[in-house]
Structure formats: C-alpha cells, structure tokens
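Please read these numbers as outputs of a predicted model, since none were measured by experiment. Numbers here simply count residues along the sequence, with the first being 1.
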Amino acid sequence: MASNMDKVFITDKQTLEDLNITGRYRPDSLFSIFNQTKTGGGEKLLDEMFHHPLTDPDLINQRSNRFLYFQQNQLAFPVETIVFNEMENYLHSGGGRTFFGSFFQVVRLYALKAMGLRTEFEQLIKGLGATAVALNHLNKFFSELMMEDPENPLKTEIQQFLELYNSVALQWLPNFTQEQKMNLFQLVARDHHLRNSLAKELKKVLQLVYNLDVYISVSLVAATRGLSYAKALPAEKYLIKANNCRHIAIENGVGNPVLIDSSNNLLFLTGANMAGKSTFMKSLGTTLYLAHMGFPLAADDMEFSVKDGVYTSINVPDDINQGYSHFYAEVLRVKNVAEEVASGKNLLIIFDELFKGTNVKDAFDATLAVSEAFSEYKNSAFVISTHIVEVGETLQQNGHAGVLFRYMPTEVIDGKPRYPYTLRTGISSDRHGMVIIKNEKILEIIKGDEEV
C-alpha cells in the first residue's frame, strides 16, 4: 500500500486555469505572486513546487515551518545575482574529465589568449573568480547562521557545505581576491577541482542556494502581504477549517470563515450575480492548494486534513473542434469529476453555477440531483453554487444531512445594489436583477429615450 509520501496530489489543467495557479508569464497568477526569486534554479524549483503539491502532513508542516523560520529571521539572499549567475554558468560549462584534460583545456585557452583571442580565457578567469567570490559569501552567511542558530532548518545541508569549503582542495578560497594573479598550474588545479573532482559536491551547493532562494523569496511575500500558515492534519480527520479566508490576489479582500467536515461535507452557496460567490470559491480553492504546498496563504488559523486532490468547474469552455456545446462540456466535466469521487478518492470539488448552459428547468433538476448524490460521499468535500435559489430550498425541504446552506447577500441602498461579500447562513432571497437593469437604463436605450 502506498504511503502519503508516494501519493501525487491530483488536479488538472481546467482547475489550474480556473484558479489561475500556474503561469510564470501571467502577472496575476499565484506563481507570479510568489516568484520573487533571484536565480533561475530557484524559479525552476518554485515552479516544480506549484506543479506538485504535497499529500503528507508531516512534509507539509515541515515546509511551512521552514518558510516561517525565514520569515521571522528576515534573512537576505547572500550573493549578488550577477555573481551567482556567473558561478552557475561556469560550473555548468564543464571542464576536462581528468586533471590532464583540464590542463590541456586551460593551456589551449592560454595559447589563444597569447594570439590575441582573449574572450574564452577571460570567461574562464571571470567564471572561476565569480565562483570563488560566491563561495566566500556563502561561507560567511552560513557560518554566521550556524553561530546564531545551530539548530536552524538547513543545518544538515549547511554543515556539508562548510566541510566542503574547509576541505584541502579549496584551502585557497579564503585568501582569494579578484586581483590575485594565478600561475598556470594554480589555474589548472583550481579549475579542475571546481568543475570536475568536486562537481557533485558543488551541484549540491547550487541546490542548497536554490532552496535558500525560494525560502527567502516566499517568506518575503508572506511578510509583505500579511499571510499565515496552515496546519496539515491526517486525511482521516476530514476537516477544512479557517477564519478570514480571502483571495490572495485581491488587496484588502473580504475574508470569510470556512468549516467543512465529514458531518457537513457539502456547502451549498446561493446569491445574486456579482455578490461574490465565484470569488469566495476561488479563494477556498487557491487557499487549499497553497496549504498542500506548505506555502503561506490568505487565511487565519487554518487547519486542514490532506486531500488527494482538488477539481473545479468554474469557467468550463465549449469545444468547437469537438463540436461540444457549453452545456455538453459542463456535463462531461461533472461526469469526469463524479468518476473520481466514486472511485473513493478524498477530494475538494468546487462547482460554480452548475449547468448554466441549459434552460432553467433542466438546470434546476440537474443541480438538485447532482448535489443530492454528492452529499452522500462523506470522504470528499464539495462546494456548489447556483443562482437558482429554488434548488437550495428544495434541498432544505428534503432534509439532506451534511449540507451547509450559505449565501452571499445583496443590499439595496438608495436604489443601488451593494455587495458586502460576507457569507451568511441560509439561502438567498435576493432577486435584484431588474434593479441593475433599471440602473443601467437599458430599456430607455432600447426605446430611444436615453442618449447612448
């Protein structure tokens, strides 16, 4: 039987797009919000974290504690980006496989330099020098960190680095300066150690720096945005609990409490259009996703039992190439999710405005039937929204256990709708569509009584 460490968190492209999670070139994506990294390797590591949330509560809490540690200590990245990039390029460029291979390679560049072709030789000197400078800065940073806190979260990796730095092969590093002249033998020996004999050890150093880069950048975002960390619980707890859950991408967003467990596993959400249903559902989805990554999130006092995955149906597109209508695309989406739920997986499912691609009668019947069926699967959590309030009223009358009824209110003040975006218990009775239509004077425009 697979352990939690072996499990892969399940989601799909539709969910990632609905929640705007990945996408390094989209400035409003969750990835872009957290991507303050200074190294290419750090950015790649961050991207991997976003594509592979964790399912083991111990690993999740361990990562959260690391981020919190760096946030509390406000550590700065210890190497200038340009210097580290030069070090990275130098180490990745590769040297001779043996000492003699390194010797002949350096001699060749030295000979080219003597003939006036200096570029490659200067790149070698520049890369070696940048590597020495970067390693010296890292040694200072890690030595001070170990003195201040010998039990810091990176102590094992740091101790390995310090042993490498103090090894015989690198004993020249502490006294190195960029202006220092090296004879040919020194250049060959140092280049061979850095790019060959110590290649595996320095690869681990690069990975340590990438991790450090991610920890520092993510913790900085957490501090700047006032984010918190969730506590991960075993899957059998069946709990999602948080206060002030809000959307991380919305500045000064309105927060709401969340409590979903095995006794109340389906949150049925009603409210008028523009009342905030979709934003709340995206807030919950993104928060739970970040929680499984061990990342800081926009919610307070959050506890959650780990899930096998999350699926959403918020912006389901039609498929012109396949000839699918919007309604049929919705049906297929519900079918695919239902198969996952029926297989026994422990999931968070979010459906926003089910079956809006068909007529009101079919949408009522289908939303009611799907909600009733899903409420029986107590191992998964569901959030289903609709503006067809009669579905909620029928569910309530039928007395389905485990269904939480919440709504987003609309308040009309001086003839204009106002949306507080705060969850309330019950089913919405708001029907203010005509108020909005009248305020926009649509009928007057159609009749020609209003200037366009």
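- For the pair K307/I240, a side-chain contact is recorded, criterion being any heavy-atom separation below 4.5 Å from C-beta on.
- Defined by atom type and a distance below 3.5 Å, a donor-acceptor pair is present between the side-chain atoms of Y210 and E88.
- With N35 contributing its side chain and F31 its backbone, the two residues share no donor-acceptor pair below 3.5 Å.
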Salt bridge (Lys or Arg N to Asp or Glu O under 4.0 Å) between R63 and D56, worked out
CA-CA 11 Å; R63 183 183 285 175; D56 183 278; over 6 Å; no
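- T425 is not listed as a side-chain neighbour of L404, based on a closest heavy-atom distance of 4.5 Å or more.
- Checking side-chain atoms of R246 against main-chain N and O of N244 turns up a donor-acceptor pair under 3.5 Å.
- Using a distance-only test at 3.5 Å, with no hydrogens or angles considered, a donor-acceptor pair links the side chain of S143 to the main chain of N139.
- No hydrogens or angles considered: a donor-acceptor pair under 3.5 Å links the side chains of Q71 and Y229.
- The 12-atom threshold is exceeded at CD of E48, counting heavy atoms of other residues, nucleotides or ligands nearer than 6.0 Å.
- Using a cut-off of 4.0 Å between Lys/Arg side-chain N and Asp/Glu carboxylate O, R424 and E411 are scored as salt-bridged.
- No more than 12 heavy atoms of other residues, nucleotides or ligands shown are found within 6.0 angstrom of NZ on K38.
- The line from CG of L138 to CE of M87 is 6.5 Å long, rounded to the nearest 0.5 Å.
- Here the side chain of N89 pairs no donor or acceptor atom with the backbone of G127 at under 3.5 angstrom.
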Assess whether ring pair (Phe, Tyr, Trp, His ring centres under 6.0 Å) is satisfied between F351 and Y311, documenting all intermediate values.
CA-CA 9 Å; F351 285 137; Y311 286 103; 9.5 Å; no
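- The backbone N or O of D261 lies less than 3.5 Å from no partner atom in the side chain of N265, so there is not a single donor-acceptor pair.
- The shortest heavy-atom contact between R333 and T312 is NH2-O, 2.7 Å.
- Dense packing is recorded around CD of Q396, with more than 12 heavy atoms of other residues, nucleotides or ligands lying under 6.0 Å away.
- V383 has its side chain within reach of I260: a pair of non-hydrogen atoms, C-beta onward, lies under 4.5 Å apart.
- S283 approaches T279 most closely through the heavy-atom pair OG-O, 2.7 Å.
- L202 approaches L135 most closely through the heavy-atom pair CD2-CD2, 4.2 Å.
- Under a 3.5 Å cut-off, the side chain of D213 and the backbone N or O of V209 do not form any donor-acceptor pair.
- With sequence neighbours left out, the ring pair (Phe, Tyr, Trp, His ring centres under 6.0 Å) criterion links F84 to no other residue.
- Around atom CD of E339, more than 12 heavy atoms belonging to other residues, nucleotides or ligands sit under 6.0 Å away.
- For the residue pair Y165 and N136, a side-chain donor N or O sits within less than 3.5 Å of a side-chain acceptor on the partner.
- Rounding to the nearest 0.5 angstrom, the gap separating the OG atom in S313 from the CD atom in E330 is 6.5 Å.
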Determine, stepwise, if the pair Y69 / N65 fulfils side chain to side chain contact (heavy atoms under 4.5 Å, CB included).
CA-CA 6 Å; Y69 175 87; N65 289 335; over 6 Å; no
The test is side chain to side chain contact (heavy atoms under 4.5 Å, CB included); show your working for I158 and L145 and say whether it passes.
CA-CA 9 Å; I158 292 175; L145 183 57; 3.7 Å; yes
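- The CD atom of Q160 sits 12.5 Å away from the NZ atom of K155 when rounded to the nearest 0.5 Å.
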Set out, in order, the CA-CA distance, both residues' side-chain angles and the distance that settles side chain to side chain contact (heavy atoms under 4.5 Å, CB included) for I248 and L30, then state yes or no.
CA-CA 8 Å; I248 192 171; L30 261 68; 4.1 Å; yes
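- Counting only heavy atoms from C-beta outward, the side chains of L170 and L164 approach each other to under 4.5 Å.
- Note that the CZ atom of F382 and the CZ atom of F268 stand 14.0 Å from one another [nearest 0.5 Å].
- Taking all atoms of both residues into account, the shortest heavy-atom contact from V258 to C245 is CG2-CB, 4.0 Å.
- In this structure a side-chain-to-backbone donor-acceptor pair under 3.5 Å is missing from T367 to F364.
- The backbone N or O of P257 sits nowhere less than 3.5 Å from a side-chain atom of N243 that would complete a donor-acceptor pair.
- Two residues are said to be in side-chain contact when any heavy atoms from C-beta on lie closer than 4.5 Å; I33 and R225 meet this criterion.
- Inter-residue side-chain proximity for M146 and N152 is flagged as met; some heavy-atom pair is nearer than 4.5 Å.
- In this structure, the side chain of S305 engages the main chain of Y238 through a donor-acceptor pair within 3.5 Å.
- Note on D18 versus K13: no salt bridge recorded, every NZ/NE/NH1/NH2 to OD/OE distance being 4.0 Å or above.
- No side-chain donor-acceptor contact under 3.5 Å links S380 and N346.
- Residue I413 qualifies as enclosed at atom CD1: its count of foreign heavy atoms under 6.0 Å is above 12.
- Residue pairs that meet the salt bridge (Lys or Arg N to Asp or Glu O under 4.0 Å) test with at least one member in residues 271-296, sequence neighbours left out, are K277-E353.
- Under the 3.5 Å distance criterion, with hydrogens and angles disregarded, a donor-acceptor pair is assigned to the side chains of S385 and D352.
- Here T37 contributes atom OG1 and L220 contributes atom CG; the two are 11.5 Å apart, rounded to the nearest 0.5 Å.
- The backbone N or O of K345 sits less than 3.5 Å from a side-chain atom of N379, completing a donor-acceptor pair.
- Here the closest non-hydrogen pair linking R66 and P153 is NH2-O, 3.0 Å.
- I21 contributes atom CD1, which lies 12.5 Å from atom OG of S32 (distance to the nearest 0.5 angstrom).
- Counting heavy atoms from C-beta on, the side chains of V310 and F9 come closer than 4.5 Å.
- Counting heavy atoms from C-beta on, the side chains of V334 and F355 come closer than 4.5 Å.
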Go through the steps to decide whether F142 and L208 satisfy the test side chain to side chain contact (heavy atoms under 4.5 Å, CB included), and finish with yes or no.
CA-CA 11 Å; F142 288 135; L208 171 60; 3.7 Å; yes
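- Here the closest non-hydrogen pair linking A275 and Y421 is O-CD2, 3.1 Å.
- Listed by chain and number, the residues in a side-chain hydrogen bond (donor to acceptor under 3.5 Å, both in side chains) with N61 amount to none (sequence neighbours excluded).
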